[in-house]
Amino acid sequence: MSQGALPGFRDFYPEQLATRNYIISVWRDVARRYGFLEYDGPPLEPLELYKKKSGDEIVGQLYTFTDKGEREVALRPEMTPTLARMVAAKANAMRKPIRWFSVPQLFRYERQQKGRLREHFQLNVDIIGEASVAADAELLAVAIDVMRAVGLTSRDVRARVSDRRLLTAVLSEVGVRKAEMPDVFAAIDKTGREPRDVTLGKVEKAVSNAEARRGVARILNVATDLNALAAEFRNSPKVMEEITHMREYLNFLDALGVGDWVDFDLSIVRGLAYYTGKVFELFDAQGEFRAICGGGRYDDLLSTIGGVDLPALGFGMGDVVLTELLRSRNLLPAPELGTEYWVAADDESMLPDVMTVAGRLRAKSRSVEYALKSQTLARQLKTASSAGVRNVVLLRRDDYANGHVTVKTLADGSERRVALDAFLNSL
RNA sequence: GUGGCUGUAGCUCAAUUGGUUAGAGCACCGGACUGUGGCUCCGGGGGUUGCGGGUUCAAUUCCCGUCAGCCACCCCA
């Protein structure tokens, strides 16, 4: 058995590359519809760029090495730090808000599993320099429109939205202390995947005050019902202010035509520590796959990384889970057949003529193949047929001498005899 | 990083309680049907059974290790 690709890395044979290109072309098209401009950065970055944001513990999950100039470097695990740096360098010169997207290949040194490899392509869409909730709505609409563009519906995919400011407000309202927040966040984040008593057990550990623990339990009961949450906290101006923002967000999403894809779910937290406001995730409705997409607002990140204080928000959508989902729903389009014309001759000495005709067809921008070695006509047709070619231009010795060829459509076997010049001019 | 399951041709699989030159279909290459493909028929290439040890007269089969894949955990893109 020959050596395969490294664990978690993929070889893209033509069929798989066609799928990858299809996904990426949809990404680009949808991003373009929303007026986003494409950018890119280096796949290799100083390790420091990622340490700054996420701390030293992240290093274990990165592809890192020391280069020949003694620099500590890493293959990029995400695009946001690169984006932050690029924007920060020219922040003053750019019109705000900045609407950019990118399709980087990202790397992560972790054991692979379903929907998760060591390398993937990810659509990144970001808006920088706009604090209004309309920007949050616009961003999520892009992600949902990608789902629509690949043929998925609001019955297939759900967007769950939350807000860390709202979650922080309700937790502090019931008495959870600031230092206890991270652990409570982590516990709440898992409620979808763990039994309720496991979550409560974690809350028990994280929160010292018994009254506050009961408050957390109450919140969990209304985590997906914004009205019930509002009723529960109607006497807290701080919470009600955040709920007003959330309602505005949901109204904007309705206005953008994607409201029926969206569910409020306060338990969506997202692992990344830098999110500061609205966060969202896209899941398949059957819960069969991992998250398709995740993102949110990270208003403090640019000042952390680039020293420029600009509000920002963005999302990432990987190709791996999306491809798995589309394959399982039979939504991957059949790959385009490559070659349009096959030039064949009924006389093996006519290879130069075949080449000449092929060249003239190619000058007309057609894709053309022919047998590179002498073969019987039967063999040439057999090859053309199994290669999926649509038409054969057949050169018959006597006919070709008079400037005529036969164009055969392989699908139905029909043939028509035409003057070569006229045929080429008709293309 | 931890645990479970799996590993025979490019793919899907087979090989009686461990038994002699490890088979088939599909795919690929070629031939026939006397120079127009798809159908049919015939032939061919391709495996040190993931790799390395061990038990045995004998290992694809049993045991151990290792690597890889899948699944879950951790963590998250």
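Residue numbers begin at 1 in each chain, while the letters A, B, ... track the order of the sequences.
With distances taken from any side-chain atom of Q112(A) to the nucleotides C70(B), U36(B), G37(B), the minimum falls on C70(B). Taking only side-chain atoms of A378(A), from C-beta outward, the nucleotide of U36(B), A72(B), C70(B) with the closest atom is U36(B).
Judged by distance alone with a 3.5 Å cut-off, a donor-acceptor contact links the side chain of E415(A) to the base of U36(B). A donor-acceptor contact under 3.5 Å links the side chain of R116(A) to the base of C75(B). Counting distance only, with no hydrogens placed and no angle test, the side-chain atoms of R111(A) and the base atoms of G69(B) include no donor-acceptor pair under 3.5 Å. One donor-acceptor pair, N or O on each side, does fall under 3.5 Å between the base of G35(B) and the side chain of E348(A).
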Taking Watson-Crick and G-U wobble contacts under 3.5 angstrom, with | marking pairs to another strand and [ ] crossing pairs, the secondary structure of RNA chain B is written (((((((..((((.....[...)))).(((((.......))))).....(((((..]....))))))))))))....

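Within the nucleic acid shown, A186(A) has no heavy atom closer than 4.0 Å to any nucleic acid atom. Within 4.0 Å (heavy atoms only), L106(A) reaches no atom of the nucleic acid at all. At the heavy-atom level, G294(A) lies nowhere under 4.0 Å from the strands shown. Looking at heavy-atom distances under 4.0 Å, R76(A) makes no contact with the nucleic acid at all.
Cation-pi check for R20(A) over F12(A) is met; the charged atom lies under 6.0 angstrom from the ring centroid and within 45 degrees of its normal. Under a cutoff of 6.0 Å and an axis angle of 45°, R99(A) and F36(A) form a cation-pi pair. A cation-pi arrangement is absent between R297(A) and Y275(A), since the terminal nitrogen or guanidinium carbon is not both under 6.0 Å from the aromatic centre and inside a 45° cone about the axis.
Minimum interatomic distance between V125(A) and V142(A) (heavy atoms only, all atoms of both residues): CG2-CG1, 4.3 Å.
For Q375(A) and R118(A), each mapped to the nucleotide of RNA chain B holding its nearest heavy atom, the one lying further toward the 5' end belongs to Q375(A).
For the pair T323(A) (side chain) and D319(A) (backbone), a donor-acceptor distance under 3.5 Å is present.
Within the structure, every side-chain polar atom (N or O) of Q380(A) is placed at least 4.0 Å from both OP1 and OP2 of G37(B).
Taking atom C1' on both C73(B) and G10(B), the two are 34 Å apart, rounded to the nearest angstrom.
Side-chain atoms of D353(A) and T356(A) include no donor-acceptor pair closer than 3.5 Å.
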